[in-house]
Amino acid sequence: MKITVSEIKAEPKHLAYVEDVDELNERLARGVRDFQVARGIRVAVDYYRAGLDLFFTGAVTGEVVGTCARCLDDYPFPLDRQFAFVLTPRVAAVGGGGQLAVDELERSSYAGEEVDVTPLVYEETILALPTRALCGEGCRGLCPRCGANLNQGPCGCARGADSAVSSRTK
Ligand SMILES: [Zn+2]
Ligand SMILES: [Zn+2]
């Protein structure tokens, strides 16, 4: 979603739209984290300027489907992230910023006549994801012998002497 810089005024404007997630999901699929974003993500943003600096505040909401690192089941969870960022003109950022990494620079500055909000929304979404996909803290994972999902109950494999004894005495 692109916003024309000259249309960004001191008076805040509101924008609400649904962001397409295909490209984001491609990016996520390339990473090590097992997440995919379901459908579109809803973006609500207020934007305004103070001098040459552009301010954006808002939220991204939607649904993410994680693939649990322990039991490999897919599980949905809500995405709800507040964000606020300021973009400065790129020339000024280069002059004063010293050794900013290129991607950092792209995230904190703008150049040209339009600001593309999409990469910023993607970035915020990725930041909202947990470091590890787990369907629940208490996920029991898969049986290392038969591969059964232990969240759905014991699989019948004897795990250690204790469980073997207790199942015989029942
Ligand atoms: Zn799990
Ligand atoms: Zn088993």
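Heavy-atom basis, side chains included; hydrogens, waters and symmetry copies ignored. In each ligand, atom 1 is the first atom listed, and ligand 1 is the first ligand listed.
The Zn ion (ligand 1) lies at the vertex of an angle of 110° between the SG atom of Cys68 and the SG atom of Cys139 (rounded to 10°). Centred on the Zn ion (ligand 2), the angle running from Cys157 (SG) to Cys143 (SG) is recorded as 110°, rounding to 10°. Computed with the Zn ion (ligand 2) at the centre, the Cys146 SG to Cys155 SG angle is 110°, stated to 10 degrees.
Here the side chain of Gln36 pairs a donor or acceptor atom with the backbone of Asn25 at under 3.5 angstrom. A distance-only check finds no donor-acceptor pair linking the side chain of Lys13 to the backbone of Ala10 [under 3.5 Å]. A distance-only check finds no donor-acceptor pair linking the side chain of Thr57 to the backbone of Ala84 [under 3.5 Å].
Looking at Glu113 and Lys2, no side-chain N of the basic residue comes within less than 4.0 Å of a carboxylate O on the acidic one, giving no salt bridge.
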